[in-house]
Q: 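Sharing a structure here in structure tokens format.
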2 protein chains.
Amino acid sequence: MKINQLSKLTNVLSKTIRYYEDVGLLPKASRNSNGYRDYSSSDVDNLIFIRRCRELQIPLEKIKVLIQVQTDTTSSCSEVDLLIEQQLENVRKTINELSLLEKTLHTLAKSCSNDIVGECEILKNLKQ
Amino acid sequence: MKINQLSKLTNVLSKTIRYYEDVGLLPKASRNSNGYRDYSSSDVDNLIFIRRCRELQIPLEKIKVLIQVQTDTTSSCSEVDLLIEQQLENVRKTINELSLLEKTLHTLAKSCSNDIVGECEILKNLKQ
DNA sequence: GATAAACCTTACTGTTGGAGTAAGGTCAAG
DNA sequence: CTTGACCTTACTCCAACAGTAAGGTTTATC
């Protein structure tokens with residue numbers, strides 16, 4: 001199949017598919033006589049795997065690792081476990097940071113009931 | 001004062017100070033005879049204001065607006081209120097998205113108790 | 001007075017994960 | 001035969017800096 005069909009089957013833009021190939025996340029696509037990329041159903045599976053990982057905000061370099069690990073199905077999956085665990089930790093850490101930020105912004109937003117910039121409590125708070 | 005002293009007083013890297021000047025967030029610094037940038041105490045205040053905004057993850061373009069608004073102290077501060085409110089909304093939205101992500105990752109992390117990649121439930125889940 | 005460390009300058013590249021655009025080749029339908 | 005949909009590579013752009021190179025200046029020490 002051509003790239004646009006792969007795109008529709010996987011919900012990944014053609015542009016993005018070429019990009020993944022460029023950065024080595026997907027193998028070099030085989031070409032047919034006119035130079036167009038030619039994909040098979042296994043490419044669909046690979047790309048859906050990548051898309052799922054991206055939905056979990058796993059960075060491309062780590063997705064590479066997850067793909068690499070699967071080349072030997074008898075190897076330990078501890079690396080996979082660890083990677084997901086780290087990703088979970090990252091997300092939790094970010095949530096905590098943003099929660100603090102939310103509190104600060106909420107307090108700030110409520111602080112000003114004036115109309116004039118010169119007396120704006122928000123701006124005064126931002127200057128400390 | 002020279003850029004490094006301004007940097008120490010504000011906790012903003014010299015590099016970043018020059019960058020802020022480049023993108024128009026800070027006015028062009030005056031220079032003394034050897035070509036070094038020369039700052040005053042008002043620059044300290046301006047930069048601390050910018051740093052506080054950045055701590056709240058307000059993008060540089062919006063900080064520009066916040067600075068611009070203050071040139072006329074008699075103008076309304078509704079624009080400031082709105083900007084902070086939008087920033088708060090952005091943060092809340094991101095927190096919500098990340099919370100969903102956290103659930104998914106947590107479920108995923110718990111799903112595999114095998115040792116072998118070929119039977120790893122995490123990887124199987126990622127392929128759907 | 002020499003020299004080395006610390007500091008200053010501009011300018012260019014790299015980061016992440018693509019999106020946008022240009023300039024052109026190919027293919028199927030009407 | 002032309003139009004529109006699709007394909008190709010290659011380049012630039014985004015945010016907010018950080019890293020590095022290559023060079024000029026100042027200050028402290030020997």
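Residue numbers begin at 1 in each chain, while the letters A, B, ... track the order of the sequences.
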Q: Under 4.0 Å between a side-chain N/O of B:T16 and OP1 or OP2 of D:dA16, yes or no?
A: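 No, outside the criterion.
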Q: Between C1' on D:dC14 and OH on B:Y19, what's the gap in Å once rounded to a whole number?
A: 10 Å
Q: Quick one: does B:R92's side chain get under 4.5 Å of A:H106's, heavy atoms only?
A: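 SC-SC contact between B:R92 and A:H106 confirmed.
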Q: May I ask you to list the residues of residues 40-71 of chain A, by number, that have any heavy atom positioned under 4.0 Å from an atom of DNA chain C?
A: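 Those residues whose heavy atoms fall under 4.0 Å from DNA chain C, taken from residues 40-71 of chain A in numerical order, are A:R54, A:P59, A:L60.
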Q: Please report, rounded to the nearest Å, how far the C1' atom of D:dC6 is from the CD atom of A:Q5.
A: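 Rounding to the nearest Å, CD of A:Q5 and C1' of D:dC6 are 13 Å apart.
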Q: D:dC17 phosphate, OP1 or OP2: any side-chain N/O from B:Y20 under 4.0 angstrom?
A: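 B:Y20 to D:dC17 OP1/OP2: side-chain N or O found under 4.0 Å.
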Q: Taking the minimum atom-to-atom distance to the side chain of A:K15, which one of D:dC17, D:dG24, D:dA10 wins?
A: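 Between D:dC17, D:dG24, D:dA10, the one nearest the side chain of A:K15 would be D:dA10.
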Q: Give one of base, sugar-phosphate or nothing for B:R37, where a contact means two heavy atoms less than 4.0 Å apart.
A: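 Since only primed, P, OP1 and OP2 atoms lie under 4.0 Å of B:R37, the category is sugar-phosphate.
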Q: B:D38 CG to D:dT25 C1': how many Å, rounded?
A: 15 Å
Q: Side chain to side chain contact (heavy atoms under 4.5 Å, CB included) with B:L83: which of B:L88, B:L66, B:I63?
A: B:L66
Q: Name the first nucleotide and the last nucleotide along DNA chain C (5' to 3') that come under 4.0 Å of a heavy atom in chain A.
A: C:dG17 to C:dC27
Q: Whole Å only: how far is the CD atom of A:E21 from the C1' atom of D:dA10?
A: 15 Å
